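Residue numbers start from 1 in every chain, and the chains themselves are labelled A, B, ... in the order their sequence lines are given, proteins ahead of strands. These numbers were taken from a predicted model, which means no experiment stands behind them.
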Protein chains: 2
Amino acid sequence: MGYRYELYYWPSIQGRGEFVRLALEDAGADYVDVARGKRKGMGIAAMMKLMENAARPPFAPPFLKAGRLLIAQTSNILFFLGPRLKLAPRGEADRLWLHQLQLTIADFVAEAHDVHHPIASSLYYEDQKAEALRKARHFTRERLPKYLGYFERVLANARRGGNWVLGARCSYVDLSLFQLLAGLNHAFPSATRRHQRKFPRLVALAERVAARPRLAAYLASSRRLPFNDQDVFRRYPELDDD
Amino acid sequence: MGYRYELYYWPSIQGRGEFVRLALEDAGADYVDVARGKRKGMGIAAMMKLMENAARPPFAPPFLKAGRLLIAQTSNILFFLGPRLKLAPRGEADRLWLHQLQLTIADFVAEAHDVHHPIASSLYYEDQKAEALRKARHFTRERLPKYLGYFERVLANARRGGNWVLGARCSYVDLSLFQLLAGLNHAFPSATRRHQRKFPRLVALAERVAARPRLAAYLASSRRLPFNDQDVFRRYPELDDD
């Protein structure tokens, strides 16, 4: 298609693909969001076809095509893109540390998803609402402050000379932490607001990310999909905690 | 401590640490399982202390100390160890592919764990048994065959000239697939036996892994902990499906 990177993800949600989109957008990368495209050879059918026919198939979207490489798993895609987009250094120690943090973010995102789908992804929310209500109490009171407290501590430990996870330079993990807080504030506004007060570094980091010129332009554009009730982060008021 | 690698993990379960142990054991690596040690500076207290005081702290065990590096997240540890233990090639494309598979195994392991803990890790199984029974039906009938079918397809697509995920040479992902099947056969013997018939490549792969000399010696040793009801894979007969 003539683009440097082809991103494949469900076209109607932010979901896990958004962590990759933020990195591509912040870097001003030359990419196309294939499943959202209207032209020939694009759309969901193109995504499904590649998933079915690839010699090294992804288990699920998102995945990224970069030349002859086809890379799946959100954190793996970001590990690959990091140095290429200048959103990660090239040194092994820093790259592994960023990846470790990204994998912990991924664990947290999976838990946030499972709050509204504790029994099975194949069932509607309405068919597992009783279980979701019960799980939500534990999530908002135990897991949410535990994870946010961990990332606050990581920021407090970060090298002097800057406010980012790695100190002086913004990385894809900083972008992902912004997205995490955006999702939590959408899905659990009351619980997140209450806990956030204890995590000022994290809140300030998210604000700095949102103010980056390319990111701000992206967030204000139609490329940034609104949250909705098919997404990983969903606002069901009964699952929030106040 | 004079060892090349220090592994930190809960001392009484296989858990996620076992995926790392299998790689270290298969390679005959010079390592110590710190939290299982009896000597001064070892044990759980040493693990907790490092977790609390590290400048770049892990969110949870397992983690690995290798010289000055402290690396957490099972898949990240294996990504690091792979080429060093000759259980992964050095080329980027193959390393990313193996890592992608390992992350998919990690997702599957998390789902298998959540079958017995669908509401909260902080509650006893007995306090979420009704929800676990419901989740187990979906896991054994939908998720288990979907994931195993995916890995079978990966093996069918693998390069000619060998029976491993990468073709000719065994990798840490092959070891992890063995562990996955071992865990599933322990936790869900009836459902796994029924589905396995459709996945002969995967079953044969697990047998080849178990027959590797160093692995066979490890599995027969006291270093290999038995499965138990504190582990990620637990045998609760009511959650199996027949």
Does A:Asp94 pair with B:Arg56 as a salt bridge, N-O distance under 4.0 Å? yes
Hey, is A:Glu92 close enough to B:Arg84 for a salt bridge, meaning N to O under 4.0 Å?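 Between B:Arg84 and A:Glu92 there is a salt bridge, with a charged N closer than 4.0 Å to a carboxylate O.
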Using every non-hydrogen atom in the two residues, find where [X] and [Y] come nearest and quote the distance to one decimal.
{"X": "B:Arg134", "Y": "A:Asp127", "answer": "NH2-O, 2.7 Å"}
{"X": "B:Asn157", "Y": "A:Pro57", "answer": "ND2-CD, 3.8 Å"}
{"X": "B:Ile119", "Y": "A:Glu131", "answer": "CD1-O, 3.6 Å"}
{"X": "A:Leu96", "Y": "B:Leu69", "answer": "CD1-CD1, 4.4 Å"}

Centroid-to-centroid, A:His138 to B:His117, below 6.0 Å? no
Under a 4.5 Å heavy-atom cut-off, does chain A meet the side chain of B:Ala54, its backbone, both or neither? backbone
Using non-hydrogen atoms only, which part of B:Arg68 is less than 4.5 Å away from chain A: side chain, backbone, both, or neither?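 Neither the backbone nor the side chain of B:Arg68 comes within 4.5 Å of chain A.
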Step by step, would you call A:Phe108 with B:Phe59 a ring-ring contact (aromatic ring centres under 6.0 Å, His included)? CA-CA 11 Å; A:Phe108 191 11; B:Phe59 183 74; 8.3 Å; no
So which of A:Ala130, A:Pro118, A:Ser75, A:Ala132 has the largest heavy-atom pair count under 4.5 angstrom toward chain B? A:Pro118
Counting distance only, does the side-chain N/O of A:Lys135 pair as donor-acceptor with the main-chain N or O of B:Ala120 below 3.5 Å? no
